[in-house]
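Since the model is a prediction, treat every value here as computed from it, not as a measurement. Proteins get letters first, then strands, A, B, ... in listed order; numbering begins at 1 in each.
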Number of protein chains: 2
Amino acid sequence: MNIGDAAKATGLSPKTIRYYESIDLVIGDRLTNGYRDYADAHIHKLRFVQRARSLGFSIDDCRTLLSLYEDQNRASAEVKNVARKHLEEIEAKIAELQDLQETLSHLVEHCAGDERPDCPIMDGLSGTLIEGPKNVPKIH
Amino acid sequence: MNIGDAAKATGLSPKTIRYYESIDLVIGDRLTNGYRDYADAHIHKLRFVQRARSLGFSIDDCRTLLSLYEDQNRASAEVKNVARKHLEEIEAKIAELQDLQETLSHLVEHCAGDERPDCPIMDGLSGTLIEGPKNVPKIH
DNA sequence: CCTTGACCTTCCAGCCGCTGGAAGCTCCAT
DNA sequence: ATGGAGCTTCCAGCGGCTGGAAGGTCAAGG
């Protein structure tokens, strides 16, 4: 199976599959013409990574999870640790965003939103009303 | 006021202040020795940006907000639009993360987390249990 | 047999918002 | 005069891809 079909089978883009190879995450075979070739085992791994990524696991976590996936003798505790740590990060992130949401929604609610220049949002940003979280979140 | 003091006064790092200059966001004066020099107006702008960033506004939003900040005749509606749009992004992000949280916490809860290899988390990642969001979030 | 076009290959650059580090300059206190 | 702190510029790297250029390969149709 060449990379285009592998892409369709996994929900990843060919670019992403090549990228995963370049970082030694999932490496397919090669045909004599230089084309990549993916067997079922590769497809399973790629799909595994796709799912882990869609749950927000980092590439590094995926690496760990893949090696546990391959390991017949793994302890489920190891998997659970990785997942729980990630879950905690997500929960922390949610809390952080909820803080922002609260501050912002207060500001937005109190802004008339008309043609006049007076604006509590601007006042908030100019003044010392805001004591937000230290780490600025990124929205993507 | 040189860049180090400006950094202390604004909560930004000197690096960040230089970066903001490099992207034409906030530009200070220069002394004859080449050192940057910041007056009160610059400090206010930098602090404004610092607060906007800590609320999660993008640099581009900051650019817009700064120009509204400078504009005596702005309509508060314009500010409100920027803020509301950002608020909506935050809310969308929260919803997305809550989806992940739910999926992940189910998986984690059902994993024994002992020395045996059987693991519902792995089953979830290998199988088709997960139909997560399309856009993978980033946690930072 | 030749062309077309879809696929494949590699490599380099860019996204965001900084941050680290190197190399070199200036200033101030001793 | 010297040392060290702080300033300057420039380049590279973080994560996780994505876009695009330049070129090789393959299968179908004329």
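Under the 3.5 Å distance criterion, the side-chain polar atoms of B/His110 are matched with a main-chain donor or acceptor of B/His106. Not a single donor-acceptor pair under 3.5 Å links the side chain of B/Arg116 to the backbone N or O of A/Ser76. Side-chain atoms of B/Thr10 do not come within 3.5 Å of backbone N or O of B/Arg47 as any donor-acceptor pair. Distance alone, capped at 3.5 Å, is enough to place a donor-acceptor pair between the B/Asn2 side chain and the B/Asp5 backbone. Although no hydrogens or angles enter the test, the distance criterion places a donor-acceptor pair under 3.5 Å between the side chain of A/His42 and the main chain of A/Ala39. At least one donor-acceptor pair closer than 3.5 Å links the side chain of B/Arg74 to the backbone N or O of A/Pro117.
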Treat primed atoms plus P, OP1 and OP2 as sugar-phosphate and everything else as base, then score nucleotides 20-27 of chain C 5' to 3': B for base contact with protein heavy atoms under 4.0 Å, S for sugar-phosphate contact only, - for none.
BB----BS
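Listed pair B/Ser13 / C/dT19 meets the phosphate criterion, a side-chain N or O lying under 4.0 Å from OP1 or OP2. B/Tyr19 has no side-chain polar atom (N or O) that falls below the 4.0 Å cut-off from OP1 or OP2 of C/dC16. Of the side-chain N and O atoms in B/Thr16, none sit less than 4.0 angstrom from OP1 or OP2 of C/dG17.
Going from atom CG of B/Asp61 over to atom C1' of C/dG17 covers 14 Å, rounded to whole Å. Put simply, CG on A/Asp24 is 17 Å from C1' on D/dG15, counting in whole angstrom units. Atom-to-atom, NZ of B/Lys8 to C1' of D/dG6 comes out at 9 Å; the value is rounded to the nearest Å. Put simply, CG on B/Asp29 is 16 Å from P on D/dC7, counting in whole angstrom units. A/Asp5 places its CG atom 12 Å from the C1' atom of C/dC8, with the value rounded to the nearest Å. Straight-line distance from the CD1 atom of B/Ile23 to the C1' atom of C/dG17: 8 Å, rounded to whole Å. Atom P of nucleotide D/dG15 and atom OH of A/Tyr20 are separated by 14 Å, given to the nearest angstrom. Between the CD1 atom of A/Ile3 and the C1' atom of D/dC26 there is a distance of 16 Å, rounded to whole Å.
When distances are taken from the side chain of B/Arg36 to each of D/dC7, D/dT9, C/dG17, the shortest belongs to D/dT9. The side chain of A/Arg30 lies closest to C/dT9 when the candidates are C/dT9, D/dG16, D/dT8. You'll find that the side chain of B/Arg18 is closest to D/dT9, out of C/dT9, D/dT9, C/dC18. Candidate nucleotides C/dC18, C/dC8, D/dC17 were compared by shortest atom distance to the side chain of A/Asn2, and C/dC8 ranks first.
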Starting from the C-alpha separation in whole Å, work towards a yes-or-no answer on side-chain contact (heavy atoms from CB on, under 4.5 Å) for B/Lys45 and B/Tyr20.
CA-CA 11 Å; B/Lys45 282 207 212 181; B/Tyr20 287 168; over 6 Å; no
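B/Ile27 and B/Ile43 fall into different hydrophobic clusters, where Ile, Leu, Val, Met, Phe, Trp and Tyr side chains are chained together by heavy-atom contacts under 4.5 Å.
Checked for salt-bridge contact, A/Lys93 and A/Glu96 meet the test: a charged N lies under 4.0 Å from a carboxylate O.
Put simply, the residue from A/Leu25, A/Thr16, A/Val26 that forms a side-chain contact (heavy atoms from CB on, under 4.5 Å) with A/Leu46 is A/Val26.
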Pairs: protein N or O with nucleotides 28-30 of chain C N or O, under 3.5 Å:
none

